[in-house]
Amino acid sequence: MSSKITALHTRLLTVPLRRSWGVEAPENHIIATTVETDDGGTGHGFSWTPTIGPQAVKALLENDIAAFAVGLPSDPEPLWDALWLRLHEAGGGGLTTIAMAGLDLALWDLAARNANTSVPGLLGQRRESVEVYGSGVNLHYAVEELVAQAERWVAAGHSAVKIKVGKPDIAEDVERVAAVRHVIGPDRALMIDANQRWDLPTTIRALSRLEQFNLHWLEEPIRADDLWAYKRLRKHSPVPIALGENVHTIQRFRDFIDAEAVDIIQPNIVRVGGITPFRRIVELARTNSIAVAPHLLPELSGQLALTLASPVAVEDVEDASFEQLGILSGPSPITIRNSRLYGTGRPGLGLQFAAGIPSH
């Protein structure tokens, strides 16, 4: 019989990025969560958003989610389902699922700690390490800065890298992609991410200029809400289509897969609501022969990647890990060397956030 939840606490941390993601995203927000149970157990998790809604996420956790969860058993999966139904009036995904992740991650952390193991150990670790690809939020970089970043990725041993596209003039994108391809050579995988900056005609025009660079995927070129456009695009695209960082529910991922509108899905574990829905989304993709590439948060994505049935590559945005931002109170639960990510076996998720960080 599982313990019952007695309290849910939150703390909002605002952390300046070491390498700004541009004027619209100079910092990230982490809503650290702690869940307590009637047998004295404690679990630690978090929600996350780079720009929009940290105060709203914190309010949802402190009010609606805490009020619903206190007194219920601490089993993460049945509680997730009941909570999603409870919050659905406020939206099936988005702020609701981002907030839900704060509780879900804390409950998985608690379950692993109670079992005296790590979350990968609890879920069943299948491999010692997973591939890491170099990534950057670099659309605002000058070409020289972009080239220098690509040189660092090569020096770090990455066999795959990703850069941003979406300049006002496609000729600028061509110049930048060409420069990076020259640095990394012909054999490394090169992905590009347009971050929803284009419409369908612009995407088709851009691909006609960019496909010459042997692209591994084109990521989220069109607004993620526009299933119709992605369905059209994938039928005609010479480059595999990746999306999912702005898709928040398994129902919506199913819609894209059923419509044959995507080649690679990229769920963000926090944005979809935590480990519970992430694992279901991965299984949906696997049973439909769709590749998975988790979005951001290597300390979290990397640990889950070690447990998946099929190998996946984990995204590591330069200088943006929690450890590099200096916000952990202890060692990271992962290490990255020679472009491979390894778990350290720390109890639970192995993530506790340092005191002394500006909080609200």
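Positions are given from 1 along the sequence. Everything numeric in this text was worked out from a predicted model, so none of it was measured.
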Q) Run the side chain to side chain contact (heavy atoms under 4.5 Å, CB included) check on Arg181 and Asn214 step by step: do they pass? A) CA-CA 9 Å; Arg181 174 54 81 191; Asn214 187 27; 4.1 Å; yes
Q: Take Glu172 and Arg176 through the test salt bridge (Lys or Arg N to Asp or Glu O under 4.0 Å) and record every step on the way to the result.
A: CA-CA 6 Å; Glu172 287 188 77; Arg176 294 162 69 85; over 6 Å; no
Q: Evaluate the criterion salt bridge (Lys or Arg N to Asp or Glu O under 4.0 Å) for residue pair Glu283 and Arg280; output intermediate values, then yes/no.
A: CA-CA 5 Å; Glu283 281 305 296; Arg280 298 171 182 176; over 6 Å; no
Q) salt bridge (Lys or Arg N to Asp or Glu O under 4.0 Å) between Asp64 and Arg86: does it pass, once the steps are laid out? A) CA-CA 9 Å; Asp64 301 271; Arg86 170 65 180 165; 5.4 Å; no
Q.
Checking Leu233 against Trp198 for the side chain to side chain contact (heavy atoms under 4.5 Å, CB included) test, could you report, in this order, the C-alpha distance in whole Å, the side-chain angles of both residues, the deciding distance, and whether it holds?
A. CA-CA 12 Å; Leu233 174 63; Trp198 296 333; over 6 Å; no
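Judged by distance alone, the side chain of Thr97 and the main-chain N or O of Arg271 form a donor-acceptor pair under 3.5 Å. Asp173 contributes a side-chain N or O that, together with a main-chain N or O of Gly166, makes up a donor-acceptor pair within less than 3.5 Å. Remark: the backbone N or O of Leu284 is not paired with any side-chain donor or acceptor of Arg254 at under 3.5 angstrom.
Annotation: His140, atom NE2; neighbour count of heavy atoms from other residues, nucleotides and ligands within 6.0 Å is above 12. Heavy-atom neighbours of Gln251 CD from other residues, nucleotides or ligands within 6.0 Å: above the threshold of 12. Atom CD1 of Ile52 sits in a sparse spot, with 12 or fewer heavy atoms from other residues, nucleotides or ligands closer than 6.0 Å. In the displayed structure, Glu89 atom CD is contacted under 6.0 Å by at most 12 heavy atoms of other residues, nucleotides or ligands. Annotation: Asn338, atom CG; neighbour count of heavy atoms from other residues, nucleotides and ligands within 6.0 Å does not exceed 12. Around atom NZ of Lys231, no more than 12 heavy atoms belonging to other residues, nucleotides or ligands sit under 6.0 Å away.
Residues Leu72 and Leu83 have side chains not in contact (no heavy-atom distance under 4.5 Å, counting atoms from C-beta outward). Side-chain contact between Ile334 and Gln303 is present, with at least one heavy-atom pair separated by less than 4.5 Å. Annotation: side chain of Leu306 is not in contact with side chain of Tyr342 (no heavy-atom distance under 4.5 Å). Within the 4.5 Å cutoff, the side chain of Thr33 has no heavy atoms near those of the Leu103 side chain. Looking at heavy atoms from C-beta onward, Ser47 lies in side-chain contact with Leu61 at the 4.5 angstrom threshold.
Side-chain atoms of His158 and Ser339 include a donor-acceptor pair closer than 3.5 Å. Using modelled atom types and a 3.5 Å distance limit, the side chains of Glu27 and Thr14 yield no donor-acceptor pair. Between the side chains of Trp48 and Asn28, a donor-acceptor pair is found at a separation under 3.5 Å. A side-chain donor from one of Arg205 and Thr202 sits under 3.5 Å from a side-chain acceptor of the other.
Taking the six-membered ring where tryptophan is involved, the planes of Trp84 and Trp80 are essentially parallel, since the angle between them stays under 30° and well short of 60°.
Shown are His295, Glu245, Glu219, Glu220; of these, the side chain to side chain donor-acceptor pair (under 3.5 Å) with Gln266 is made only by Glu219.
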